[in-house]
Number of protein chains: 2
Amino acid sequence: MSISESENATASTQAFEALKKDLIRGRFAAGEKLAISTLKTHYQVGLSPLREALNRLAAYGLLEQLNQRGFRVPEIHLEELDDIANLRSKLECMALTQAFQKGDAEWESLLLAAHHRLKRADEQPQQVEEWEFAHLRFHRALLAPCGSTWLLRFVEQLHDQFDRYRRLAPPNPEVRQVLNVQHGELMELALSRDIAAGRSLLDDHIRLSHDVAKKCCQPNT
Amino acid sequence: MSISESENATASTQAFEALKKDLIRGRFAAGEKLAISTLKTHYQVGLSPLREALNRLAAYGLLEQLNQRGFRVPEIHLEELDDIANLRSKLECMALTQAFQKGDAEWESLLLAAHHRLKRADEQPQQVEEWEFAHLRFHRALLAPCGSTWLLRFVEQLHDQFDRYRRLAPPNPEVRQVLNVQHGELMELALSRDIAAGRSLLDDHIRLSHDVAKKCCQPNT
DNA sequence: ATAGTGATAAAAATCGTTTTTTAATATTAA
DNA sequence: TTAATATTAAAAAACGATTTTTATCACTAT
């Protein structure tokens with residue numbers, strides 16, 4: 001997703017990425033109206049690049065844009081979480097099938113590496129953002145060779161949407177433990193190209209996170 | 001998609017919609033670098049709203065954004081057309097299944113109306129944009145009650161991408177004739193809730209357009 | 001008391017200019 | 001002649017100020 005090769009990022013792009021992270025992390029309340037002048041001082045950017053970032057985020061679906069009355073954080077709805085999770089399952093299983101068919105030895109190495117990094121990050125439970133990033137990268141690596149740019153794009157977008165809901169729930173070590181085991185198993189199934197088992201496990205994996213996220217979704221439905 | 005309720009649209013939104021239309025219509029050459037100052041005079045908007053529109057279009061996938069070097073129209077690639085068409089088939093068939101299950105009498109009426117408007121538009125072959133709009137609306141109406149906001153969003157996005165390719169091909173009355181018959185059949189199958197036949201026909205429908213579009217895709221692969 | 005109207009304050013959107021970065025061209029050294 | 005460097009021109013990005021729109025609140029009339 002990130003346009004920037006971490007170097008020459010414009011103020012727009014930096015603001016976009018910082019805001020995106022904070023929106024997924026839950027720094028803003030659901031339904032909250034964003035005060036542009038506040039954001040301006042907080043993110044230390046001018047008005048123009050900030051507005052460009054907000055426009056991108058609205059087009060991406062992490063903000064709502066209301067003509068002549070600014071931007072607001074989307075509300076949380078149980079039905080939307082269900083929609084996101086269900087579609088995510090379908091699209092990721094689709095991608096997994098193709099990835100298992102097309103993935104080569106290079107892919108296996110990268111997946112192994114991503115999994116290792118994820119396990120390492122899991123040993124530092126205080127560094128939440130590092131784990132989140134490693135987690136995202138593992139799931140990306142798993143589906144990367146599926147061959148469809150657009151499918152990967154939508155999967156990423158749904159993953160971001162899903163994470164916004166998931167991260168409303170408080171950390172749960174037991175569940176985390178299960179999810180981590182599943183990551184290892186997904187990697188193994190990738191190596192053995194077991195499509196049926198892979199799809200089934202990925203589906204369980206998403207459903208488990210979904211169930212946890214659901215519990216924190218009741219208040220503002 | 002359109003944020004504006006056609007009234008209080010901001011300059012950003014107007015520029016976004018005008019540019020989107022022109023990008024899909026093929027007013028710009030594939031790969032072309034957009035000269036912002038030219039666009040400014042052409043669309044009669046200031047720099048800020050124009051840049052906001054360009055940022056939205058890039059996030060939507062109708063433009064490429066290169067940090068510090070502006071915006072360009074994406075290249076045309078046969079492989080991408082295949083990707084778009086294949087994914088579009090899968091997602092639309094998914095949506096069709098759910099729509100046929102959930103659609104009610106109100107949906108049937110709206111679909112009937114949309115089909116009628118499409119047939120009328122087809123009698124005025126010189127008014128291309130009117131037909132295109134009616135066509136888009138018919139396909140929207142067909143899948144509307146599928147129950148998944150996100151699926152509809154992705155379907156719409158792929159439809160726009162697909163149309164950019166499709167509209168590179170010169171008009172073909174014979175093919176158009178077949179497609180129109182299929183629209184009527186799709187409507188009939190919707191009324192009779194024949195999911196299997198509906199999926200199969202929708203798949204054929206997309207494949208036929210795909211095949212036509214393919215022929216105009218060779219030069220710059 | 002309530003609905004409607006007008007004035008005021010706040011915020012969003014837009015504009016024109018300045019700064020920064022990239023691209024093109026010319027210049028110099030190997 | 002080629003490659004590297006400096007210079008200039010062009011374009012993108014960002015800023016600060018202005019305009020426009022919306023929201024708030026007081027006031028008036030019913």
Side-chain angles (χ1 to χ4, degrees), chain A residues 1-20 22-23 27-75, chain B residues 1-20 22-23 28-29 31-75:
Chain A
M1 172 86 273
S2 59
I3 309 164
S4 65
E5 263 76 280
S6 67
E7 347 170 9
N8 70 338
T10 63
S12 286
T13 300
Q14 287 177 301
F16 171 79
E17 284 171 358
L19 265 162
K20 184 182 168 192
D22 287 343
L23 284 163
R27 171 187 287 268
F28 304 98
E32 180 183 346
K33 183 176 178 322
L34 294 183
I36 298 190
S37 56
T38 308
L39 297 181
K40 205 169 90 88
T41 57
H42 190 326
Y43 292 97
Q44 295 286 4
V45 277
L47 205 62
S48 314
L50 177 58
R51 285 191 59 87
E52 289 182 17
L54 293 172
N55 272 277
R56 289 191 216 177
L57 287 163
Y60 188 66
L62 280 170
L63 281 180
E64 276 171 21
Q65 185 163 25
L66 301 144
N67 276 335
Q68 317 283 28
R69 62 197 76 167
F71 299 85
R72 60 173 58 244
V73 180
E75 292 284 358
Chain B
M1 172 87 276
S2 59
I3 307 166
S4 64
E5 263 77 282
S6 68
E7 349 171 7
N8 68 340
T10 63
S12 287
T13 300
Q14 287 177 300
F16 170 79
E17 284 171 358
L19 265 162
K20 183 184 168 191
D22 287 343
L23 283 164
F28 303 99
E32 179 183 346
K33 183 175 177 324
L34 295 182
I36 298 191
S37 56
T38 308
L39 297 181
K40 205 169 88 88
T41 57
H42 190 320
Y43 292 97
Q44 295 286 5
V45 277
L47 208 61
S48 312
L50 177 58
R51 286 190 59 87
E52 290 183 15
L54 294 172
N55 271 276
R56 290 190 215 177
L57 287 163
Y60 188 67
L62 278 170
L63 281 179
E64 277 170 21
Q65 185 163 25
L66 301 144
N67 276 335
Q68 319 283 28
R69 64 197 77 167
F71 299 84
R72 62 172 57 243
V73 180
E75 292 283 358

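Letters A, B, ... mirror the listed sequences (proteins, then strands); counts begin at 1.
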Exercise for the section: Take atom CD of B/Q14 and atom C1' of C/dA12, then tell me their distance rounded to the nearest Å. Expected result: 16 Å

Completion exercise
CG (A/N67) and OG1 (B/T10) are apart, to the nearest 0.5 Å, by 4.5 Å

Fill in the blank from the handout: One should read off an interatomic distance between A/L54 CG and A/L63 CG, to the nearest 0.5 angstrom, of 6.0 Å

Exercise for the section: May I ask you to verify if any side-chain N or O of A/K33 is less than 4.0 angstrom from the OP1 or OP2 atom of C/dA12? Expected result: yes

Handout entry: Rounded distance (Å) that lies between atom C1' of D/dA13 and atom CG of A/L50
Key = 14 Å

Problem - A/N55 CG - D/dA13 C1' separation (whole Å) - result: 15 Å

Practice task
Supply the atom-to-atom distance A/L62 CG to A/F16 CZ, rounded to the nearest 0.5 angstrom.
Solution key: 7.5 Å

Fill in the blank from the handout: Value for CD (A/E64) from CZ (A/R69), rounded to nearest 0.5 Å, stands at 13.0 Å

Check: protein-nucleotides 13-15 of chain C nitrogen or oxygen pairs below 3.5 Å:
{"from": "C/dA13", "atom 1": "OP1", "to": "A/Q68", "atom 2": "N", "distance (Å)": "2.9"}
{"from": "C/dA13", "atom 1": "OP2", "to": "A/R51", "atom 2": "NH1", "distance (Å)": "2.8"}
{"from": "C/dA13", "atom 1": "OP2", "to": "A/R51", "atom 2": "NH2", "distance (Å)": "2.9"}
{"from": "C/dT14", "atom 1": "OP1", "to": "B/A11", "atom 2": "N", "distance (Å)": "2.3"}
{"from": "C/dT14", "atom 1": "OP2", "to": "B/S12", "atom 2": "OG", "distance (Å)": "3.2"}
{"from": "C/dC15", "atom 1": "OP2", "to": "B/G46", "atom 2": "N", "distance (Å)": "2.9"}
{"from": "C/dC15", "atom 1": "N4", "to": "B/S48", "atom 2": "OG", "distance (Å)": "2.9"}

Fill in the blank from the handout: From CG of A/L63 across to C1' of C/dA12 the rounded distance in Å is 15 Å

Would you be so kind as to tabulate the donor-acceptor pairs closer than 3.5 Å made by side chains of residues 35-49 of chain A, with sequence neighbours excluded?
{"from": "A/T41", "atom 1": "OG1", "to": "A/T38", "atom 2": "O", "distance (Å)": "2.8"}
{"from": "A/H42", "atom 1": "NE2", "to": "A/R27", "atom 2": "NH1", "distance (Å)": "3.3"}
{"from": "A/Y43", "atom 1": "OH", "to": "A/D22", "atom 2": "OD2", "distance (Å)": "2.5"}

Practice task
Assign B/L34 to base, sugar-phosphate, or nothing according to its heavy-atom contacts below 4.0 angstrom with the strands shown.
Solution key: sugar-phosphate

Handout entry: Nearest-Å distance for atom pair CZ/P, residues B/R72 and D/dA11
Key = 14 Å

Exercise for the section: Supply the atom-to-atom distance B/Q68 CD to A/T13 OG1, rounded to the nearest 0.5 angstrom. Expected result: 8.0 Å

